[in-house]
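If you're wondering where the values come from, they're calculated on a predicted model, not measured in any experiment. The chain is numbered in sequence order, starting from 1.
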Amino acid sequence: MTPDEPAVLITEEAIRQRVAELARRISSDYAGVEELLLVGILRGCFIFLADLSRLLTVPRSIDFIAVSSYGASATSTGAVRLIMDLRTEIAGKHVLIVDDIVDTGYTLQYLFNALKPRMPASLKTCVLLRKPEVFKMDWDIDYLGFDIPDLWVVGYGLDYADRYRTLPYIGSIKT
């Protein structure tokens with residue numbers, strides 16, 4: 001296997017089915033709220049967020065935030081920095097942080113801690129992929145798509161050197 005040949009880890013159909021299941025659960029859990037604010041973590045979340053948001057049956061809006069814990073390497077440093085903040089005021093709103101993948105959990109924990117003091121009505125997390133072997137946080141993700149092995153994965157928004165984001169499946173590559 002080379003970076004040019006991702007091995008299929010999760011098929012397009014499996015992703016489609018799981019995103020639909022997540023949308024049904026989220027829609028049920030937020031039934032009756034005035035609006036749900038989806039906060040997508042750029043850049044990898046964009047395909048997952050688009051598909052998820054189109055399947056939700058509750059009123060919703062979308063904003064984005066950008067953070068980095070990788071710098072120029074393929075390994076998280078654990079030090080998270082805010083690259084772009086929200087444009088939306090979240091006080092009193094139901095907020096769902098949407099991310100493509102969580103490995104250590106440092107980035108998600110950083111965002112949770114940064115957004116909580118802004119007084120949202122509720123603050124939950126939705127993540128497509130989690131690597132339980134390296135997850136270091138002592139809390140659970142509220143809405144989880146799949147647990148995966150500790151591999152470098154691409155496709156469905158995830159990249160390697162800005163390549164493979166638009167693959168319709170999740171594939172693994174050797175880096």
Side-chain angles (χ1 to χ4, degrees), residues 1-31 36-70 74-76 94-109 111-112 122-137 139-175:
M1 181 171 36
T2 71
D4 291 318
E5 303 169 23
V8 176
L9 187 63
I10 304 171
T11 66
E12 182 178 2
E13 181 57 29
I15 294 168
R16 188 178 6 259
Q17 288 175 4
R18 188 64 183 138
V19 172
E21 290 169 10
L22 290 170
R24 283 192 295 276
R25 280 190 49 221
I26 293 165
S27 294
S28 174
D29 290 353
Y30 287 95
L36 174 62
L37 175 62
L38 304 171
V39 172
I41 304 175
L42 291 175
R43 292 186 302 192
C45 80
F46 79 103
I47 294 175
F48 175 44
L49 179 62
D51 287 350
L52 179 69
S53 66
R54 287 189 296 241
L55 294 172
L56 293 173
T57 59
V58 295
R60 67 255 180 219
S61 61
I62 297 173
D63 200 349
F64 293 96
I65 197 163
V67 293
S68 176
S69 66
Y70 285 88
T75 306
S76 176
H94 295 279
V95 176
L96 182 63
I97 300 170
V98 180
D99 202 3
D100 55 347
I101 189 167
V102 64
D103 41 36
T104 62
Y106 295 140
T107 300
L108 210 51
Q109 183 70 55
L111 280 176
F112 198 88
S122 66
L123 183 59
K124 293 188 176 182
T125 56
C126 178
V127 177
L128 181 63
L129 305 171
R130 175 180 62 183
K131 296 179 179 180
E133 294 170 41
V134 294
F135 190 67
K136 298 187 183 309
M137 301 297 106
W139 47 269
D140 279 327
I141 294 162
D142 298 291
Y143 304 97
L144 176 64
F146 302 93
D147 276 329
I148 63 168
D150 186 18
L151 304 169
W152 192 274
V153 290
V154 296
Y156 202 69
L158 297 143
D159 76 303
Y160 175 74
D162 276 332
R163 296 180 61 203
Y164 309 109
R165 281 193 198 278
T166 58
L167 291 174
Y169 61 88
I170 304 291
S172 66
I173 61 171
K174 290 185 180 178
T175 57

Start with the C-alpha distance between Leu36 and Ile26, add both sets of side-chain angles, then the distance that settles side chain to side chain contact (heavy atoms under 4.5 Å, CB included), and finish with yes or no. CA-CA 10 Å; Leu36 174 62; Ile26 293 165; 3.8 Å; yes
Is the side chain of Ser27 donor-acceptor paired with the backbone N or O of Thr57 at a distance under 3.5 Å, no angle test? yes
Is the shortest side-chain heavy-atom distance between Ile148 and Ile170 below 4.5 Å? no
Assess whether a salt bridge exists between Asp162 and Arg43, defined as any Lys/Arg side-chain N lying under 4.0 Å from an Asp/Glu carboxylate O. yes
Determine the minimum heavy-atom distance between Val153 and Leu158, stating which atoms define it. O-CB, 3.6 Å
Roughly how far, to the nearest 0.5 Å, is OG1 of Thr107 from CD1 of Ile41? 7.0 Å
Side-chain heavy-atom pair Leu22, Phe48 within 4.5 angstrom cut-off: yes
When rounded to the nearest 0.5 Å, the distance separating CG of Leu96 from OH of Tyr143 is 6.5 Å
Atom pair CG/CD1 of Leu49 and Ile62 - distance to nearest 0.5 Å: 4.5 Å
Going from CG on Asp159 to CH2 on Trp152, what distance comes out if it is rounded to the nearest 0.5 angstrom? 7.0 Å
List the atom of Phe64, the atom of Cys45, and the distance in Å for their closest heavy-atom pair. CE2-SG, 4.3 Å
Going by heavy atoms in the side chains, are Lys124 and Tyr30 under 4.5 Å from each other? yes
Tell me the closest heavy-atom pair linking Leu144 and Asp147, and the distance in Å. CD2-OD1, 3.5 Å
Roughly how far apart are Leu52 CG and Leu128 CG, rounded to 0.5 Å? 9.5 Å
Is it true that the side chains of Gln17 and Glu21 contain a donor and an acceptor less than 3.5 Å apart? no
Side chains of Arg54 and Val19 in contact at under 4.5 Å (non-hydrogen atoms): no
Side chains of Phe146 and Leu9: closer than 4.5 Å at any heavy-atom pair? no
Contact summary for Ser122 and His94, nearest pair of heavy atoms: OG-ND1, 2.7 Å
Is any side-chain heavy atom of Phe135 less than 4.5 Å from a side-chain heavy atom of Leu108? no
Do Glu13 and Tyr169 make a side-chain contact, defined as non-hydrogen atoms from C-beta onward lying under 4.5 Å apart? no
Look up atom CG in Asp103 and atom CD in Glu133, then write down how far apart they are to the nearest 0.5 Å. 11.5 Å
Provide the closest heavy-atom pair for Ser172 versus Leu151 in the form atom of the first, atom of the second, distance. CB-CD1, 3.9 Å
Taking the side chain as every heavy atom from C-beta outward, state whether Leu38 and Leu56 have any atom pair closer than 4.5 Å. yes
If every non-hydrogen atom of Ile10 is compared with every non-hydrogen atom of Ala14, which pair is closest and at what distance? CG2-CB, 3.9 Å
Does Asp142 use its side chain to pair, donor to acceptor, with the backbone of Thr125 at less than 3.5 Å? yes
Do any N or O atoms from the side chain of Lys131 and from the backbone of Thr104 form a donor-acceptor pair under 3.5 angstrom? no
